[in-house]
Amino acid sequence: MKNLVEGLNEEQCAAVRASLTGSILVLAGAGCGKTTVLTRRIGWLCSNGFDPEHVCALTFTRKAADEMRERVSGIELMKECERRPFIATFHSFALFILREKIDEVENFVRLGYSAAPTLQTEKERLKLISEIVAKGDREILGVDLIGLESLITRCTVFPEKINAFSGENQLIIRKVLHQFTYEKRRRGVWDFEDLTADVIELFKLDFSVLERYQKKFRYFLVDEFQDTNPVQIAFLRQLLLPSTGLFAVGDDDQAIYGFRGADVRPTLEFTTIFNNAGIVKLQTNYRSSLQILHAANSIFKKKPQAYRKILRSGLSNKSSKGVPPKWLHFENQTQMADFLIGEAQKQVGSLKINIHQCAVLFRINRSLEWVSQYYAQQGFTTEETPALVTIHGSKGLEYPVVFLCDLEESVFPNYRPPGKKVRKGRIVGKILDYFIGGKAPAVCDWDEEQRLFYVGVTRAKQVLYMITVRNKFVYGRKRKFERSRFRKLF
DNA sequence: CGGTAGAAAGTTTTT
DNA sequence: CTTTCTACCG
């Protein structure tokens, strides 16, 4: 029992040993050891009388689930025990429930599916949508196929959003959603987002199924809680009896998946939503130099006290004050790409690291692809270049050396073209001018961009460069860019 | 109805 | 620039 908190700091201990009843939210700053806390908490539960099979831990990616499973198995206490906690992604947990057979009837049959559903690919989904919806409907809604697809996603995840549309639009959306659901059931196909939604339906349809799971799982743990969508929260809340425990780990500062339906509100309003709730903050960082932590801390200065985290260093080697993060600007992408590879090689020598431990982070894939193709043309193999990755893709990872790119206003923070307007039944085209600060007011989710910036900065352990390119080719045209407003943060 | 020219648009992504 | 969508013609 003692070794479960061995080597942990005070905050981490408090989290692992928090009350066994009620709900706990662990607000874990970047690099503060959240996975360790999560896995040790599972060990703590089991050493305090919980049967491992009554414990359910949910994550978002298979990789995270696999890692957690492995780390839990590594705990001494668990090795003596045959029984294992249930560790899965939200999706595979839902799929597991749907495929289960109760009283000789498969659960999905209860929902009206004609055959065991198969998962639909993105392409199949778009095809089905285009088959259902008439072109006229799309024009009235003022969206293209992709726009409609994301509209459907959002309305499935936030059903109350449908009410926000005006009469005619609302009617169309309801019709499309209804048709879409009907067709999927008839054909026996699932979208990923159907999995959770269908389980909720199933639980409503047959309360005894829900009851079985409520009794089976007496404790839930959720990783990356800030990335949950409202459907997942509803699913979780159904499963929680007043006596069921909940241990949620997340970071509202790293919520970067709003665009796919994630909603930070349950994290921010945790104590009002969940039973008997407490909050523990993890603010001791074991990843970055003091200089990098200082930069990271200056991003959310204006946040309300209750949720503000100040990262302090937990590294014993205090000489690792590090070097100040550097802002650089280049005239064009070629100059930048040449610098990146040269500087990465230099750092490989001085820090005694592998070149893949140097990461070039991009806001958009197009920039990443440009650099990647440039290196190919220069004859470099991927073995010889730094890791090229989007900021979204870098979440959860860390690198001794980080080059944070795309720091031009409109690229990062990213502007989207203003929404399309319908005039005389026709869609008015979007205007490209927003890229060069033209007249069309661009849309920017500043808060989410800021969190993305925070994620980018906190990937760096020792060396951080922030890079602006003045002239870039965008859609085949050379354009001038201003330095990003992030420059003003520190 | 299908083929095609010309217009329009163009983040971030896991399951 | 490239990909996707639309309008129009045969």
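Here is how names work: the chains are called A, B, and so on, in the same order as the sequence lines, proteins then strands, and each is numbered from 1. Excluded from the calculations below are hydrogen atoms, water molecules and symmetry mates; all remaining heavy atoms, backbone and side chain alike, are included.
- With sequence neighbours excluded, the residues satisfying ring pair (Phe, Tyr, Trp, His ring centres under 6.0 Å) with Phe90(A) are Phe60(A).
- Using a 4.0 Å heavy-atom distance criterion, Phe60(A) is classed as a sugar-phosphate-only contact.
- The listed nucleotides are dT11(B), dT12(B), dT14(B); the one nearest the side chain of Arg260(A) is dT14(B).
- Atom-to-atom, CG of Asp406(A) to C1' of dT11(B) comes out at 10 Å; the value is rounded to the nearest Å.
- Residues forming a salt bridge (Lys or Arg N to Asp or Glu O under 4.0 Å) with Asp263(A) (at least two apart in sequence, or on another chain): Arg265(A).
- Atom-to-atom, CZ of Arg479(A) to P of dC1(C) comes out at 13 Å; the value is rounded to the nearest Å.
- Once the 5.5 Å centre distance and the 30° plane angle are applied, the aromatic ring of Phe192(A) is found not to be stacked with the base of dT14(B).
- Of the candidates Arg308(A), Arg451(A), Lys303(A), Lys303(A) is the only one forming a salt bridge (Lys or Arg N to Asp or Glu O under 4.0 Å) with Asp252(A).
- Contacts of Asn365(A) with the nucleic acid, taken as non-hydrogen atoms under 4.0 Å apart, involve only primed sugar atoms and P, OP1 or OP2.
- Counting any heavy atom pair closer than 4.0 Å across all strands shown, Arg62(A) reaches sugar-phosphate atoms only and no base atom.
- In this structure, the nucleotide among dT15(B), dT11(B), dT14(B) sitting nearest to the side chain of His91(A) is dT15(B).
- Using a 4.0 Å heavy-atom cutoff across all strands shown, Phe473(A) reaches no nucleic acid atom at all.
- With dC1(C), dT15(B), dT13(B) as the choices, the nucleotide that has an atom nearest any side-chain atom of His392(A) turns out to be dT13(B).
- The distance from atom CD of Glu448(A) to atom P of dT11(B) is 16 Å, rounded to the nearest whole Å.
- Here the P atom of nucleotide dT15(B) and the CG atom of Asp198(A) are 20 Å apart, to the nearest Å.
- Checked by atom type and distance alone, the side chain of Arg459(A) pairs as donor or acceptor with a backbone atom of Leu397(A) at under 3.5 Å.
- Atom-to-atom, CG of Leu388(A) to C1' of dT12(B) comes out at 17 Å; the value is rounded to the nearest Å.
- Between Lys472(A) atom NZ and dC1(C) atom C1' the separation is 16 Å, expressed in whole Å.
- For Ser92(A), no side-chain nitrogen or oxygen approaches OP1 or OP2 of dT15(B) to under 4.0 Å.
- The separation between Asp191(A) atom CG and dT15(B) atom P is 16 Å, rounded to whole Å.
- Atom C1' of nucleotide dT11(B) and atom CZ of Phe362(A) are separated by 15 Å, given to the nearest angstrom.
- Remark: Glu343(A) engages Lys346(A) in a salt bridge (Lys or Arg N to Asp or Glu O under 4.0 Å) (not counting sequence neighbours).
- The listed nucleotides are dT13(B), dC1(C), dT15(B); the one nearest the side chain of Tyr475(A) is dC1(C).
- Contacts between residues 369-378 of chain A and DNA chain B, defined by a heavy-atom separation below 4.0 Å, involve no residue at all.
- Taking only side-chain atoms of Thr390(A), from C-beta outward, the nucleotide of dT13(B), dT11(B), dT15(B) with the closest atom is dT13(B).
- Checking each of Arg485(A), Arg363(A), Lys472(A) against Glu408(A) for a salt bridge (Lys or Arg N to Asp or Glu O under 4.0 Å) leaves exactly one that passes, namely Lys472(A).
- For the pair Tyr257(A) and dT11(B), the criterion of a side-chain N or O lying under 4.0 Å from OP1 or OP2 is not met.
- Applying the ring pair (Phe, Tyr, Trp, His ring centres under 6.0 Å) test to His392(A) and every residue at least two apart in sequence or in another chain returns Tyr257(A), Phe259(A).
- For Phe490(A), the ring pair (Phe, Tyr, Trp, His ring centres under 6.0 Å) partners are Trp327(A), not counting sequence neighbours.
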